[in-house]
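Note that these values count all heavy atoms, side chains included, but never hydrogens, waters or copies made by symmetry. Below, read A as the first sequence line, B as the second, and so on, with proteins coming before strands; counting in each chain starts at 1.
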2 protein chains.
Amino acid sequence: MQPIGFKSHDHGTCIAHSVTSVQKQCAERGLQLTPVRQRVLEILLAKHQAMGAYDILAVLKADGFSAQPPVAYRALDFLVGNGFAHKIERLNAFVACSHPSSEHVPAFLICRVCENVAEGIANLSEDTVAASARDAGFIIERAVVEAEGVCPNCDGAQP
Amino acid sequence: MQPIGFKSHDHGTCIAHSVTSVQKQCAERGLQLTPVRQRVLEILLAKHQAMGAYDILAVLKADGFSAQPPVAYRALDFLVGNGFAHKIERLNAFVACSHPSSEHVPAFLICRVCENVAEGIANLSEDTVAASARDAGFIIERAVVEAEGVCPNCDGAQP
DNA sequence: TTGATATATGTTATAGTATATCATAACAAG
DNA sequence: CTTGTTATGATATACTATAACATATATCAA
Ligand SMILES: [Zn+2]
Ligand SMILES: [Zn+2]
Ligand SMILES: [Zn+2]
Ligand SMILES: [Zn+2]
């Protein structure tokens, strides 16, 4: 529930635990966490920061994977489609999910200074959004909140 | 407060009233609603539907305006920057604001079948999002909610 | 009015993001 | 073995957005 990304944490075990967790979920749900898919997840986890598809592609290339755009986009589609990562539309960039074990509406806090991103969880069902949708007869299937502002590390420094 | 877009309304007066309202606000705030800016606003109002920059550009071209990409993007920057329109990041597309008279966090209900869009208003300040941001020391300056699903007109028809 | 300053537009070129398409490989089920 | 399914390889192209520089128009103070 705590947004990570603006506070330090034990990152080595963080990555290992996340990868193990995703491996387990894939096994349970009959999903194939192929080498390139796992590698893209690791790349995203390595920084808790949004990365563009072409940034990821550059790392894959350095790792010896085939490096055409579809390679990255396919792996990202898999990760996003199965809830292991999110796309931040405002940045055209991707992040590993910080809460991969449960369904949720992600809420991204995007620092416009340092461009770091933290993922919280929104509760739209108790927001006016749910009421508007209900009134309109609209069925929400997926949702995302994207907030731009200034993180605690950058507050005071730059305007 | 009511999302429009999934219900019919008197569209002729809707456009006229919106344009008049924006003209008035521009006068009050010392903003120049130049011909191309007003025309782009009208184009967005003509459909309550998200339009890509290049769709808008095609209409401008037909109207005899210069039709290079910056023409559309500049007008859109003006409209979005001053709250008369919004960008829907998920669609890389733009819509006229349905509530241009007040500051608000827009919440878009995007039908994945017919691609129509309705704009409601979110109240993030009473959502868990605000609490997460406060806990993290993050200052939210702008925010948007984008929800994808099925509108009442399409529910039942397509899966 | 005039000149200085800021704002807006015209135009060309290019950067950045994402997908369509077709071919090939790996594997499992029948 | 062959057929269906899923994942990859590879090429080309579509779509979205901005940089950079030139020109014009508005605004305002002197
Ligand atoms: Zn998440
Ligand atoms: Zn920051
Ligand atoms: Zn709005
Ligand atoms: Zn619909």
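- At distances below 3.5 Å, not a single donor-acceptor pair connects side-chain atoms of Ser21(A) with backbone N or O atoms of His17(A).
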message: Only Watson-Crick and G-U wobble pairs with both distances less than 3.5 Å should count. Give DNA chain C in dot-bracket notation, marking inter-strand partners with |.
response: ||||||||||||||||||||||||||||||

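- Between Leu60(A) atom CG and dT8(D) atom P the separation is 11 Å, expressed in whole Å.
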- prompt: Tell me, for nucleotides 16-26 of chain C in 5' to 3' order, what letter each nucleotide earns: B for a base near a protein heavy atom under 4.0 Å, S for only sugar-phosphate near one, - for neither?
  reply: -BBBBB-----

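- In this structure, the CD atom of Gln68(B) is 17 Å from the P atom of dA17(D), given to the nearest Å.
- For the contact set between residues 29-46 of chain A and DNA chain C, defined by any heavy atom under 4.0 Å, there are no members.
- Formation of a donor-acceptor pair under 3.5 Å by the Arg37(B) side chain with backbone atoms of Gln32(B) is found in this model.
- The backbone N or O of Asn123(A) sits less than 3.5 Å from a side-chain atom of Asp127(B), completing a donor-acceptor pair.
- Atom CG of Asp55(A) is separated from atom P of dA15(C) by 16 Å (rounded to the nearest Å).
- The side-chain contact (heavy atoms from CB on, under 4.5 Å) with Met51(A) is formed by just one residue from the set Leu57(A), Val40(A), Leu44(A), Leu91(A); it is Leu44(A).
- Applying the salt bridge (charged side-chain N to carboxylate O under 4.0 Å, His left out) criterion to Glu148(B), with sequence neighbours excluded, gives Arg142(A), Arg90(B).
- Between Val113(A) and Asn153(A), the closest side-chain pair of non-hydrogen atoms is not below 4.5 Å.
- Between His86(A) and His99(A), the ring center distance fails the sub-6.0 Å criterion.
- Listed by first and then second residue, the ring-ring contact (aromatic ring centres under 6.0 Å, His included) pairs involving residues 124-155 of chain A are Phe138(A)-Phe6(B) (not counting sequence neighbours).
- Here the CG atom belonging to Leu124(A) is positioned 11.0 Å from the OG atom belonging to Ser132(A), to the nearest 0.5 angstrom.
- Residue pairs meeting the ring-ring contact (aromatic ring centres under 6.0 Å, His included) criterion with at least one member in residues 57-81 of chain B: none, sequence neighbours excluded.
- Phe65(A) has its CZ atom 17 Å from the C1' atom of dA10(D), to the nearest Å.
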